[in-house]
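First the structure, then my questions, so here it is.
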2 protein chains.
Amino acid sequence: MSFTPVQKVNAYEIIVGQIEQAISDGTYGAGDRLPSERALMTDFGVSRATVREAMRVLQATGVIESRPGDPRGPVITAFSPRVLEKSMAKLAQLDSVSRVELLQFRLLLEGHASLLAATERTDEELAEIARRGEDIADLADQPDVRFGERVNRFHQAIRRASHNQMLEICGNVVGGVMAEMIDRRLTSETDRSSRVRTSARDARALVAAIRDGRAQEAAAISTGNIYRYYADDLSSEETRRLATMMQSYGAQM
Amino acid sequence: MSFTPVQKVNAYEIIVGQIEQAISDGTYGAGDRLPSERALMTDFGVSRATVREAMRVLQATGVIESRPGDPRGPVITAFSPRVLEKSMAKLAQLDSVSRVELLQFRLLLEGHASLLAATERTDEELAEIARRGEDIADLADQPDVRFGERVNRFHQAIRRASHNQMLEICGNVVGGVMAEMIDRRLTSETDRSSRVRTSARDARALVAAIRDGRAQEAAAISTGNIYRYYADDLSSEETRRLATMMQSYGAQM
DNA sequence: CCGGGGTTACTGGTCAGGCCAGTAACCGAC
DNA sequence: GTCGGTTACTGGCCTGACCAGTAACCCCGG
């Protein structure tokens, strides 16, 4: 006979649990309204402070949204990736996660996003990708627009065309974090204009590969582009850790 | 001149923001103690209820932990993937995320985990991988041990050997979700024993490839195994959506 | 000198009751 | 009918209080 460690559960946790349960078993669905705080406190037999703490947790977890004054009560929200993005961004910014790891992960995501986009994209999505690709070239005349963000928007369109939400969301997070890193570092003006030129050219090649359904090539171009962007800053050990991955995509280092 | 929409910020949100800021700029580090709720309420000039709501949010986000009676106050926790796992699991269980998407994402993660493990693993990690691979074969004599979980542990060891934390954590989440799906569905006893046999054999092949540093092969074996496990249940459309990916790993469908 | 048990000053968890600003439905006047 | 105000709610926040825990402290017996 084994004992299980005692773990007392706070009152508000029970409320959170019950409401999450009610949502997961279909009692409540997205768009439905929860009773008001005052109603919940009689339902659960607790004080309003306790109900409110439960509401805060549900709100922070992205389960509900509430607005003062609305007589209809808090609304159950469809899942929003906001929470996921935040906690993933926290992971990415963790000191223990090295540059190489982040870059590896990014190559992996962008590579497969391009791969899938080449076969799954609709015509509208292709047009959107092409448009954002051309937006990169326009950066030459817009010195105040952030470079990393603009390029990330291009990749974002590709990720969306992959028709894989997990890939899309994770890619958005990692891409966002790294775009910010770029914009923080990119100060030199001449450096910028040269990067704009090569990025615009690379983007066109990638768009063409996706347009023609050349999936493997798209992945190779995509990962190759990203790799070359960071190549100068990498140590030989870091380069080694990327070699196998790049090879698997058939990309040039 | 453009107007920005008014968005009032709740008092507790300001507290959350300030504390998160203090952590991200190094004022507080993991293991440090926050002042007590009563101290914070004078610091921020709000009531305890408001402080407590802020604490609840920070706790739900995995930033702090607190327990009653401890005179040292709430402790700032080192990052734990718990929150990430929960929100990712919620995403994975979402109806809008299809089986194919989940499977695509899993193939992507496990494929590259195997790829990297083949070149990056230490001898200890290889031993651990091999051990857990053999554990799968032992399942034949242990009808009450959950199959999906055991196999997932094997993959978990591989993910760890990839030396990429992002890959490891995301893989753990997706792997965990899918292992649970397997264990819920796997009821037939004869089905189980045949699956145990093939999985054990597949695992040995994968271990050998990782041992010998045959990275591409390891990725192909790994993704091939996973694919074949689900192949019977897939529609032709789902199969098509996986084809490009499988091809990119050089895996057999 | 040292160890152990009780005291004490805190901690977080919860409750009750109250005020305020805001929302949206309702309803009557035009 | 439409438009304006009224009204009955909502959530946000506050005050003040009690309880069960925790851990440091201190004192007493060895």
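Below, read A as the first sequence line, B as the second, and so on, with proteins coming before strands; counting in each chain starts at 1.
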task: Kindly state each residue pair satisfying salt bridge (Lys or Arg N to Asp or Glu O under 4.0 Å) with at least one member in residues 161-181 of chain A, sequence neighbours excluded.
output: Arg160(A)-Glu168(A), Glu180(A)-Arg184(A)
query: How does protein contact run along nucleotides 14-20 of chain C, one letter per nucleotide 5' to 3', with B for base contact, S for sugar-phosphate only, - for none, heavy atoms under 4.0 Å?
result: BB--BB-
- request: Return the set of residues passing side chain to side chain contact (heavy atoms under 4.5 Å, CB included) with Arg146(B) (not counting sequence neighbours), or none when no residue passes.
  value: Glu149(B), Asp183(B)
Could you list the protein-to-nucleotides 22-27 of chain D atom pairs, N/O on both sides, closer than 3.5 Å?
from, atom 1, to, atom 2, distance (Å)
dT22(D), O3', Arg67(B), NH2, 3.4
dT22(D), O2, Gly69(B), O, 3.3
dA23(D), OP1, Arg67(B), NH2, 2.1

- prompt: Just how far, in rounded Å, is P of dG13(C) from CD of Glu13(A)?
  reply: 9 Å
query: Can you name the residues that form a salt bridge (charged side-chain N to carboxylate O under 4.0 Å, His left out) with Glu237(A), not counting sequence neighbours?
result: Arg240(A)
field: Pairwise salt bridge (Lys or Arg N to Asp or Glu O under 4.0 Å) hits with a residue in residues 70-80 of chain B, at least two apart
entry: Arg33(B)-Asp70(B), Arg67(B)-Asp70(B), Asp70(B)-Arg72(B)
Results of side chain to side chain contact (heavy atoms under 4.5 Å, CB included) for Thr77(A) - residues two or more places apart only: Glu65(A)
task: With sequence neighbours left out, write down each residue that passes side chain to side chain contact (heavy atoms under 4.5 Å, CB included) with Asp233(B), or none if nothing qualifies.
output: Arg99(B), Arg185(B)
field: side chain to side chain contact (heavy atoms under 4.5 Å, CB included) partners for Glu128(A), two or more places apart
entry: Arg131(A), Arg132(A), Ala157(A)
- prompt: Would you say the side chains of Asp25(B) and Thr27(B) form a donor-acceptor pair under 3.5 Å?
  reply: yes
